[in-house]
Amino acid sequence: MLVLVINSGSSSLKYQVRDVEAGSVLTEGLVEKIGMGTGGEGDGQIEGPRDHAEALEQVDAAIHAALGDRALDAVGHRVVHGGERFAEPVLVNNEITRAIERLNPLAPLHNPANVLGIRAISKKWPQLPQVAVFDTAFHRTLPEHAWRYAVPDELYTNHGIRRYGFHGTSHEYVAHRAAALLDVPVEEFDAVIAHLGNGASVTAIRGGQSIDTSMGFTPLEGLVMGTRSGDLDPSILVFLGRAGWSPEDLDSMLNRQSGLKGLAGNNDMRSVVEAAEAGDAKAAMALAVASYRLAKYIGGYHVAVGGAKALVFTAGIGENSHQFRTLVAQRLGALGVELDAGLNRERSKEPRVISTPTSALPVLVVPTDEERAIAEATAAVVAQASVAP
């Protein structure tokens with residue numbers, strides 16, 4: 001089955017075509033500057049495609065050049081927020097599209113773009129099955145004591161304010177790969193998985209399921225990220241609001257000007273590590289803050305799962321920054337974590353163990369592949385729908 005995987009942003013469209021049975025990528029690409037103008041605030045002459053429908057024309061041309069006469073069988077969409085309704089991938093129809101759209105207030109930067117991608121596909125290829133795969137779905141197994149905030153109940157019942165969690169597609173995929181590497185049935189797999197990229201989250205896995213995760217109502221909660229603050233005292237926002245900061249000011253500061261960028265002046269982990277190694281005190285402190293925050297979560301989630309069988313690093317930073325992995329591991333001596341310096345520095349695209357044989361907690365690096373996970377989930381949903389009575 002040939003599946004087109006779509007990840008729609010407000011001004012971009014990332015795509016990949018996968019042969020699910022062969023496990024291969026046939027073509028991939030990124031269309032940027034959708035609807036963007038040369039002037040300020042998006043006005044002026046349009047630089048890129050006018051809309052997602054026009055962007056799909058570029059995608060169609062690229063796919064045809066790569067596939068020739070081979071036809072697509074389905075489209076899988078990464079949808080960031082599934083709210084409480086969606087606990088698994090679903091076949092898209094008009095009602096599902098409207099349901100995703102109703103979740104826009106919970107993910108105003110992501111879900112509207114996801115809907116634009118779905119509708120653009122529906123218009124261009126109306127007969128092609130589409131499947132929505134939700135970032136939040138894997139975390140629907142969180143127990144209520146983990147997803148509840150200690151605020152008046154009406155905020156949950158009237159506004160849906162609760163912890164949802166994100167990066168679920170990656171955490172689920174990595175959990176299965178890590179369990180296989182350790183030869184443990186995924187139903188018996190207890191671990192802590194750290195998905196570390198420009199956006200970062202850590203998840204407690206017990207019996208192969210998510211029972212706690214660091215991101216919450218939005219992807220802002222939790223770890224120190226590239227430009228996001230992660231956890232902080234909410235009274236800071238009250239204080240700044242009284243000092244004249246608008247909601248837009250606060251949103252920009254927390255989501256775009258904080259994290260590594262706020263501490264070190266740069267949101268790229270490689271640059272921050274290089275600066276720290278060259279003696280930059282601010283960069284060194286940024287790494288100390290970020291590694292300390294992650295180590296605290298790992299310790300807490302080790303308790304939450306009743307004793308983890310593994311610590312797993314994944315995503316861009318988790319897979320590639322041996323320096324950051326070392327900083328985190330150095331804070332986990334109480335858990336008996338010991339990295340093998342040589343194995344930790346190795347670069348590989350294959351899942352691997354990087355801890356010493358005497359480490360009380362095995363430490364793994366498992367590359368994530370969200371596109372593969374989305375393609376496989378899409379194929380499974382479409383196949384099930386085709387045999388349903």
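What's counted below: heavy atoms across the whole structure, side chains too, no hydrogens, waters or symmetry copies.
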Go through the steps for Glu101 and Arg119 under the test salt bridge (charged side-chain N to carboxylate O under 4.0 Å, His left out), then give the verdict.
CA-CA 11 Å; Glu101 196 166 34; Arg119 288 191 166 137; 3.0 Å; yes
Would you call Leu311 and Leu364 a side-chain contact if the rule is heavy atoms closer than 4.5 Å?
no
Can a donor-acceptor pair be found between the side chains of Gln130 and Ser122 at a distance below 3.5 Å?
yes
Go through it in stages, so that I can follow the logic: the residues are Phe166 and His139, the test is ring-ring contact (aromatic ring centres under 6.0 Å, His included), and I'd like the CA-CA distance, side-chain angles, deciding distance and then a yes or no.
CA-CA 8 Å; Phe166 299 88; His139 301 301; 7.9 Å; no
How about CZ on Phe239, more than 12 heavy atoms from neighbouring residues, nucleotides or ligands closer than 6.0 Å, or not?
no
Hey, mind stepping through Asn344 and Asp340 against side chain to side chain contact (heavy atoms under 4.5 Å, CB included) and telling me if it holds?
CA-CA 6 Å; Asn344 184 39; Asp340 182 300; over 6 Å; no
Check for a donor-acceptor pair, side chain of Lys261 on one end and backbone N or O of Asp268 on the other, with a separation under 3.5 Å.
no
Rounded to the nearest 0.5 Å, the CG atom of Leu250 sits from the CH2 atom of Trp245 at a distance of 6.5 Å
For Ser271, is there any backbone N or O sitting under 3.5 Å from a side-chain donor or acceptor partner on Asn266?
no
Closest non-hydrogen atoms of Gly244 and Asp249, given as atom of the first, atom of the second and distance, are O-OD2, 4.5 Å
Between Tyr297 and Arg293, is any side-chain donor less than 3.5 angstrom from a side-chain acceptor?
no
Mind listing the closest non-hydrogen atom pair of Lys309 and Glu188 along with its distance?
NZ-O, 3.1 Å
According to a hydrophobic-cluster definition based on side-chain heavy atoms being under 4.5 Å apart (Ile, Leu, Val, Met, Phe, Trp, Tyr only), do Leu223 and Leu335 belong together?
yes
Out of curiosity, does Ile354 fall in the hydrophobic cluster containing Phe324 (side-chain heavy atoms, cut-off under 4.5 Å, transitive links)?
yes
Validation row: Val79, Val133 side chains within 4.5 angstrom (heavy atoms)
no
His195 side-chain N/O to Ala200 backbone N/O, donor-acceptor pair under 3.5 Å:
no
Between Thr213 and Thr203, is any side-chain donor less than 3.5 angstrom from a side-chain acceptor?
yes
Whether Asn111 side chain and His81 backbone form a donor-acceptor pair below 3.5 Å:
yes
Checking Tyr292 now: which residues fulfil side chain to side chain contact (heavy atoms under 4.5 Å, CB included) with it, not counting sequence neighbours?
Lys296, Arg331
Is Ser291 reaching over with its side chain to a backbone N or O of Ala288, donor-acceptor style, under 3.5 angstrom?
yes
Neighbour count >12 (heavy atoms, 6.0 Å) for atom CZ, Arg345
no
Check whether any side-chain heavy atom of Ile211 sits under 4.5 Å from a side-chain heavy atom of Tyr301, and report yes or no.
no
Quick one: closest heavy-atom pair of Val305 and Ala204, and the distance?
CG1-CB, 3.7 Å
Say whether His171 and Ser201, considering side chains only, have a donor N or O and an acceptor N or O under 3.5 Å apart.
yes
Flag yes if Val115 and Val131 sit in one hydrophobic cluster, no otherwise; membership is Ile, Leu, Val, Met, Phe, Trp, Tyr, and two members link when side-chain heavy atoms are under 4.5 Å apart.
no
Check this for me, if you would: do Arg270 and Glu274 make a salt bridge, where the nitrogen-to-carboxylate-oxygen distance has to be below 4.0 angstrom?
no
Under 4.5 Å between any side-chain heavy atoms of Glu370 and Ser170, yes or no?
yes
Chi angles and distances behind the side chain to side chain contact (heavy atoms under 4.5 Å, CB included) call for Ile205, Gln209:
CA-CA 5 Å; Ile205 303 291; Gln209 295 186 326; 6.0 Å; no
Side chain proximity check, Phe189 to Leu182, heavy atoms < 4.5 angstrom
yes
Can we say Asp280 and Lys282 salt-bridge, meaning some charged N sits less than 4.0 Å from an Asp/Glu carboxylate O?
no
same_hphob_cluster(Val5, Val25) at 4.5 Å side-chain heavy-atom cutoff:
no
On a heavy-atom basis, which atom in Gly197 and which in Ile317 lie closest, and how many Å separate them?
O-CD1, 3.6 Å
Going from CG on Leu287 to OG1 on Thr326, what distance comes out if it is rounded to the nearest 0.5 angstrom?
11.5 Å
CG of Leu4 to CD1 of Ile121: how many Å apart, nearest 0.5 Å?
5.5 Å
Looking at Glu319 and Arg325, does any basic side-chain N land under 4.0 Å from a carboxylate oxygen?
no
Asn198-Thr227 side chain donor-acceptor pair, cut-off 3.5 Å
no
Please check if the side chain of Asn255 supplies one atom and the backbone of Asp251 the other of a donor-acceptor pair under 3.5 Å.
yes
Check against side chain to side chain contact (heavy atoms under 4.5 Å, CB included), Leu361 and Leu332:
CA-CA 10 Å; Leu361 185 64; Leu332 298 174; over 6 Å; no
I'd like to know if the side chain of Arg256 and the backbone of Arg228 have a donor-acceptor N/O pair within less than 3.5 Å.
no
Do Val202 and Val192 pass the side chain to side chain contact (heavy atoms under 4.5 Å, CB included) test, and can you show the C-alpha distance, the side-chain angles, and the key distance before you say yes or no?
CA-CA 7 Å; Val202 58; Val192 180; 3.4 Å; yes
Taking every heavy atom of Leu103 against every heavy atom of Gly82, the minimum-distance pair comes out as CD1-C, 3.4 Å
Using modelled atom types and a 3.5 Å cut-off, is there a donor and acceptor pairing between side-chain atoms of Asn158 and backbone atoms of Leu155?
no
Counting C-beta onward and ignoring hydrogens, is there a side-chain heavy-atom pair between Asp369 and Arg18 closer than 4.5 Å?
yes
Which of parallel (below 30°), tilted (30 to 60°) and perpendicular (above 60°) describes Phe86 and Phe134?
parallel
Distance (rounded to the nearest 0.5 Å) between Ser229 OG and Met253 CE
7.0 Å
Please confirm whether the backbone N or O of Ala304 pairs with a side-chain atom of Arg206, one donor and one acceptor, at under 3.5 Å?
yes
On the 0 to 90° scale, with breaks at 30° and 60°, tag the Tyr164-Phe217 ring pair as parallel, tilted or perpendicular.
tilted
Please determine if Arg162 forms a cation-pi arrangement with Trp147, meaning its NZ or CZ atom is less than 6.0 Å from the six-membered ring centre and no more than 45° off the ring axis.
yes
Check whether Val365 and Val328 end up in the same hydrophobic cluster, where Ile, Leu, Val, Met, Phe, Trp and Tyr are linked by side-chain heavy atoms less than 4.5 Å apart.
yes
Ignoring hydrogens and angles, tell me if any N or O in the side chain of Asn114 forms a donor-acceptor pair with the backbone of Val80 under 3.5 Å.
yes
What closest approach, in Å, do Gly336 and Ser359 show between heavy atoms, and which atom pair accounts for it?
O-OG, 3.4 Å
Are Thr358 and Glu338 linked by a side-chain donor-acceptor pair shorter than 3.5 Å?
yes
Would you say the side chain of Arg140 lies within less than 4.5 Å of the side chain of Glu84, judging by non-hydrogen atoms?
yes
If you round to the nearest 0.5 Å, how far is CG of Asp190 from CD of Glu187?
11.5 Å
State whether Arg163 and Asp212 are salt-bridged, where the test is any N-O pair (Lys NZ or Arg NE/NH1/NH2 against Asp/Glu carboxylate O) under 4.0 Å.
yes
Going by heavy atoms in the side chains, are Val363 and Val353 under 4.5 Å from each other?
no
Between the OG1 atom in Thr314 and the CG atom in Leu196, the distance rounded to the nearest 0.5 Å is 8.5 Å
